Amino acid sequence: MAGVVVVLLASIAATAMTGPATVLVAIGLVVLAPELVVLVNRVLKVLSPRGAAGHLAAVNLSAAPERVRPAVTFLTLLVGVSAGTLSMQGIENRHSAEGSTAQVLASSNYLVVVLISVFMAIALTNNLVAALGRRPEEFTTMSLIGSTSWQSRGMLLREIVAATLVSVIAAGIGALVCVIPFAIVKTGSPAAAFAAGPYLLSIVLGAVIALGVTTVAGNRVVRTAAVH
């Protein structure tokens with residue numbers, strides 16, 4: 001009887017704590033945004049060792065790393081929270097008894113994920129647009145010294161691709177670390193925490209938003225700057 005009680009308490013505690021843990025870990029990673037931005041610059045130097053666009057992106061991030069910090073911040077939150085929560089609920093769905101409380105609450109958990117994702121997506125979009133809106137003088141200067149619109153757009157895309165890679169990897173690892181104890185309690189093994197679906201879904205969502213907003217808003221800013 002004592003063993004059953006301990007197992008039940010452990011299961012309840014794991015269920016109750018995993019969701020908040022994913023949020024707290026994501027927030028903790030956001031606190032490390034300056035360090036993550038340093039990694040962004042290193043990744044960028046590896047991905048774009050040659051070419052004007054890659055060189056410009058690396059110089060920009062070295063001189064003004066705060067330009068990609070909004071993307072790193074909100075991408076990390078979006079991917080970390082959604083991936084951790086979806087992974088946890090997926091394990092719960094697969095290994096809980098039919099009609100259990102956990103399965104009944106599944107729709108509520110998915111609703112929470114959707115609401116959080118929508119909020120983070122809006123925040124990510126607004127911050128990316130605002131950050132790009134503060135850079136028209138930079139693009140005008142680049143145009144005057146001979147940079148083409150194509151090179152300016154390439155610079156922006158390289159910046160956001162590097163920021164996306166660092167953010168989703170950090171957020172994915174953080175979510176995985178939170179879900180592994182939950183998987184062990186639920187299944188006796190950490191293997192269930194490594195199901196790729198929730199992580200891929202969250203990463204694709206974040207990447208599509210970041211790249212899409214940067215492409216649309218960046219093209220507009222660069223085109224306007226070139227005209228002037």
Side-chain angles (χ1 to χ4, degrees), residues 14-15 17-47 61 65 68-95 106 109-125 127-128 157-187 189-214:
T15 302
M17 295 176 65
T18 302
T22 60
V23 176
L24 291 175
V25 168
I27 293 173
L29 290 171
V30 167
V31 174
L32 297 175
E35 287 73 17
L36 293 178
V37 171
V38 172
L39 287 178
V40 170
N41 206 3
R42 292 179 180 175
V43 169
L44 189 57
K45 289 178 180 178
V46 173
L47 293 178
L61 287 186
V68 297
R69 186 165 179 171
V72 171
T73 297
F74 290 101
L75 268 173
T76 302
L77 286 172
L78 173 60
V79 175
V81 174
S82 59
T85 307
L86 289 174
S87 181
M88 177 193 72
Q89 189 59 51
I91 295 170
E92 192 78 74
N93 291 343
R94 291 192 299 272
H95 298 279
N109 288 336
Y110 287 132
L111 177 61
V112 169
V113 172
V114 170
L115 292 176
I116 291 174
S117 298
V118 169
F119 174 78
M120 293 300 173
I122 293 172
L124 174 61
T125 300
N127 277 273
L128 283 173
L157 284 178
R158 282 166 174 77
E159 288 177 5
I160 201 64
V161 166
T164 300
L165 283 174
V166 171
S167 301
V168 301
I169 290 172
I173 292 173
L176 180 64
V177 168
C178 293
V179 176
I180 284 177
F182 179 81
I184 293 173
V185 169
K186 286 292 181 180
T187 69
S189 166
F194 291 86
Y199 300 95
L200 290 177
L201 178 61
S202 302
I203 288 170
V204 168
L205 173 63
V208 167
I209 294 171
L211 293 173
V213 171
T214 299

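Computed from a predicted structure; not experimentally measured.
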Between [atom1] of [X] and [atom2] of [Y], what distance do you get to the nearest 0.5 Å?
{"X": "Leu78", "Y": "Thr73", "atom1": "CG", "atom2": "OG1", "result": "12.5 Å"}
{"X": "Thr76", "Y": "Met120", "atom1": "OG1", "atom2": "CE", "result": "10.5 Å"}
{"X": "Leu77", "Y": "Ser117", "atom1": "CG", "atom2": "OG", "result": "11.0 Å"}
{"X": "Leu86", "Y": "Tyr199", "atom1": "CG", "atom2": "OH", "result": "10.0 Å"}
{"X": "Leu124", "Y": "Leu205", "atom1": "CG", "atom2": "CG", "result": "9.0 Å"}
{"X": "Ile27", "Y": "Leu32", "atom1": "CD1", "atom2": "CG", "result": "12.5 Å"}

Holding to side chain to side chain donor-acceptor pair (under 3.5 Å), I want the full list of residues that pass it with Thr22, two or more places apart in sequence or in another chain.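 Counting only residues at least two positions away or on another chain, Thr22 forms no side chain to side chain donor-acceptor pair (under 3.5 Å).
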Report task. For Ser82, check side chain to side chain donor-acceptor pair (under 3.5 Å) against everything at least two apart and list the hits. Result ->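 If we apply the side chain to side chain donor-acceptor pair (under 3.5 Å) test to Ser82, skipping adjacent residues, the hits are Ser202.
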Exercise: identify the closest heavy-atom pair between [X] and [Y]:
{"X": "Ala183", "Y": "Ala192", "value": "CB-CB, 4.2 Å"}
{"X": "Ala71", "Y": "Ile160", "value": "CB-CD1, 3.6 Å"}
{"X": "Glu92", "Y": "Phe182", "value": "OE1-CZ, 3.4 Å"}
{"X": "Ile184", "Y": "Pro190", "value": "CG1-N, 3.8 Å"}
{"X": "Val68", "Y": "Glu159", "value": "CG1-CB, 4.2 Å"}
{"X": "Leu75", "Y": "Ser167", "value": "CB-CB, 3.7 Å"}

Less than 3.5 Å apart, which donor and acceptor atoms pair up between the side chains of residues 207-214 and the rest of the protein, not counting sequence neighbours?
from: Thr214; atom 1: OG1; to: Ala210; atom 2: O; distance (Å): 2.8

*Side-chain contact test, heavy atoms from C-beta onward, threshold under 4.5 Å: evaluate it for Val25 versus Val177 and give yes or no.*
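No. Closest side-chain heavy atoms not under 4.5 Å.
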Exercise for review: Assess whether side chain to side chain contact (heavy atoms under 4.5 Å, CB included) is satisfied between Val179 and Phe194, documenting all intermediate values.
Suggested key: CA-CA 9 Å; Val179 176; Phe194 291 86; over 6 Å; no
Query raised in the report: Any donor and acceptor pair, going by atom type alone, linking the side chain of Ser87 with main-chain N or O of Ala83 inside 3.5 Å?
Result: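 Looks like no, no N/O pair under 3.5 Å.
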